[in-house]
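The figures here come from the full heavy-atom set of this structure, side chains too, leaving out hydrogens, waters and symmetry mates. Residue numbers count from 1 along this sequence.
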Amino acid sequence: MTACDHDQAADASNRYMRITIECPHCGTRCVAVDSRAMSKTMREITYRCRNWACGFTGVATLEFQRVLVLSSIPAADVSLPLSRHIKRGQLALQLADEGNVADDEAAYLANLHTPISDWGTGSAMPAAPPD
């Protein structure tokens, strides 16, 4: 394997975040050893502590909680609650369609809060509303 091939392989392996969790007993990082789908929105993951002296093995669940960005090809059998910023944007567009809000104000309201994550840690402040 050439250095270029190794760099490409490293880039591909680092493309996605690996979800890890600390052992609740000794604090060592656990590794996922098995996973199975429980539904379209939930997986059950078996984690094993890397500290062989501890020996803990446990099951955790990973589940989608809410939608941050709507899918352009939604599945009819998947129903997830919408994040607050999506609800606010839909309300603004609905009000604009009913003629209750001017188009520029509806656009402002629709884009008020579009977080990178939904944890409220974004530093960007919304612009002032149009006059």
*If you measure from SG on C54 to CZ on R48, what distance do you get to the nearest 0.5 Å?*
12.0 Å
*When rounded to the nearest 0.5 angstrom, what distance separates CD in E63 from CD in E44?*
12.0 Å
*Measuring from D34:CG to I45:CD1, what's the distance to the nearest 0.5 Å?*
10.0 Å
_Please determine whether residues L80 and M38 belong to a single hydrophobic cluster, defined as Ile, Leu, Val, Met, Phe, Trp and Tyr linked transitively by side-chain heavy-atom distances below 4.5 Å._
no
_Looking only at side-chain N and O atoms, does R43 offer a donor or acceptor that is under 3.5 Å from a partner on S35?_
yes
_Once rounded to the nearest 0.5 Å, what's the spacing between atom CZ of R50 and atom OG1 of T28?_
9.0 Å
*asked:* Using every non-hydrogen atom in the two residues, find where A32 and Y47 come nearest and quote the distance to one decimal.
replied: N-CD2, 3.5 Å
*Do you reckon V67 sits in the same ILVMFWY cluster as F64, going by side-chain contacts under 4.5 Å, direct or chained?*
yes
*CG on L70 to CG on L82, rounded to 0.5 Å*: 6.0 Å
*Determine the minimum heavy-atom distance between P74 and S72, stating which atoms define it.*
CD-C, 3.5 Å
*asked:* What's the separation between atom CZ in R29 and atom CD1 in I21, rounded to the nearest 0.5 Å?
replied: 12.5 Å
_K40 versus A75, closest heavy-atom pair with distance_ = NZ-CB, 3.9 Å
_Any heavy-atom pair between the side chains of F56 and P24 that's under 4.5 Å?_
yes
